[in-house]
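Have a look at the structure below before the remarks.
Residue numbering restarts at 1 for every chain, and letters A, B, ... go by the order of the sequence lines. When reading the values below, keep in mind they use all heavy atoms of this one structure, side chains included, and skip hydrogens, waters and symmetry mates.
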2 protein chains.
Amino acid sequence: MVRTVFEKPDAIALVAEVFRELGYEGASMSEITARTKLSKGSVYHFFPGGKEEMAAEIMAHIDTWFVTEMFRPLEEEDPREAIARMWETTDSYFRSGRRVCLIGAFALDETRERFPRPIRDYFHRWISALSGALARAGKPQPEAQALAEEAVVGIQGALTLARALGDEAVFGRTLARLKQRLETAVA
Amino acid sequence: MVRTVFEKPDAIALVAEVFRELGYEGASMSEITARTKLSKGSVYHFFPGGKEEMAAEIMAHIDTWFVTEMFRPLEEEDPREAIARMWETTDSYFRSGRRVCLIGAFALDETRERFPRPIRDYFHRWISALSGALARAGKPQPEAQALAEEAVVGIQGALTLARALGDEAVFGRTLARLKQRLETAVA
DNA sequence: GACCTTCTAAACCGATCGGTCTATAAATAG
DNA sequence: CTATTTATAGACCGATCGGTTTAGAAGGTC
């Protein structure tokens, strides 16, 4: 069955990948329509506010996803189990290092000036959620916070290097190292 | 004395900051001329090949700088002393987290496809140089390589988070942690 | 001083930019 | 079925894009 019409959630996901690959400025309308196979009419039907609205909706979509799949699970009963699952979720979300972090990419150039809050919140909430789990696992507060920050820093750095080196393996190595580090720190 | 003419090294440095702040796609000619105060005529006088040549020259300039200021010093006599100075050079180059890594930013979007080699080499050489110093400080090869990779990953991640959180302190904390980690690992 | 090279200024170019609009097709409700 | 809503297609718009050109100013050499 050939698809004839799209629905908004599809449109958000499709456009999101274009922004992720090309960045905010690089994601021109011609690239968006070419890569998503959506016509200009469809794109502006779903996002009357243009690129700004697309990016805002994409970030909201990412936010929702991370809250339900990454942050809330970190609040579940067994914190060590929760953290272990976070590494799996992270590896899967970033496709073992083949997919970059859209929010991280936005943070690096002037796109940050457009969306300072969602960008800041994304990282802040991730660190908070992980820090909370570490605290419940027995880490005193200041160290828990520092370890959580170290983990998120490592994830972002590994994504950058994986792309830069054209070698996704560095992402897997970094996740394994960080996992180990948080486990022994908590032991 | 008001400056009337520029020379090429000045032009490279000025244009580099625009690319660093806006990324390759975001650095439009109008932004370049506005922010550098160079006229379009001047810009194309220095870079007849346009944006592509500007970016290539900027990366060559960065490469030279890193070789003389970061990589070669890591080969000097006392490896621990050399590594200690690397942290200072890193902090100073990235302005304690206020300046982003142009090469890292290029790696994240499709700009990478334009310049895969210089981007890959930049990180590869940094890791190699640091790994060599760690090895000379007594670390067996596989761990030296892993620690060097961890350090460069951490630097990149910290730059991303510093920008994302609008809080440069995370960069200083990360450098301090990595410095400590490499010192104890080598002890 | 004359001469020559280097650098600047800005008008100008076609192509592409983000965005609008109108007509129509597809899906849904009655 | 008809009526209405929702989504698609693409022509079209002014603005900006990256880049070219030409004329002249600034700076060095003798």
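- Partners of A:R173 under the side chain to side chain donor-acceptor pair (under 3.5 Å) rule, at least two apart in sequence or in another chain, are B:E149.
- Put simply, the side chain of A:K139 never gets that close to the backbone of A:L147: no donor and acceptor are under 3.5 Å apart.
- In DNA chain C, stems built from 3 or more consecutive Watson-Crick or G-U wobble pairs, each with both distances under 3.5 Å, span C:1-30 with D:1-30.
- For the pair A:R125 and A:F66, the NZ or CZ position fails the cation-pi test of under 6.0 Å to the six-membered ring centre and within 45 degrees of the ring normal.
- Shown for residues 16-23 of chain B: no residue has heavy atoms falling under 4.0 angstrom of DNA chain C.
- Taking 4.0 angstrom as the limit, A:S39 places none of its side-chain polar atoms (N or O) nearer than this to OP1 or OP2 of D:dT8.
- Close to C:dT8, at under 4.0 Å from its OP1 or OP2, lies no side-chain N or O of B:H45.
- Residue contacts shown for A:G50 are limited to sugar-phosphate atoms, with no base heavy atom under 4.0 Å away.
- An OP1 or OP2 oxygen of D:dT16 is reached within less than 4.0 angstrom by no side-chain nitrogen or oxygen of B:S30.
- A:F106 and A:F19 have perpendicular rings, their planes meeting at more than 60° on a 0 to 90° scale where under 30° would count as parallel.
- When every heavy atom of A:S39 is checked against every heavy atom of A:T33, the shortest pair comes out as C-CG2, 4.0 Å.
- Contact annotation: B:K40 does not reach the phosphate of C:dA10 (side-chain N/O to OP1 or OP2, under 4.0 Å).
- Across the protein-nucleic acid pair, B:M29 atom CE and D:dT20 atom P stand 11 Å apart, rounded to whole Å.
- Among the protein residues, B:A11 comes within range of no part of the nucleic acid, since none of its heavy atoms lies under 4.0 Å from any strand.
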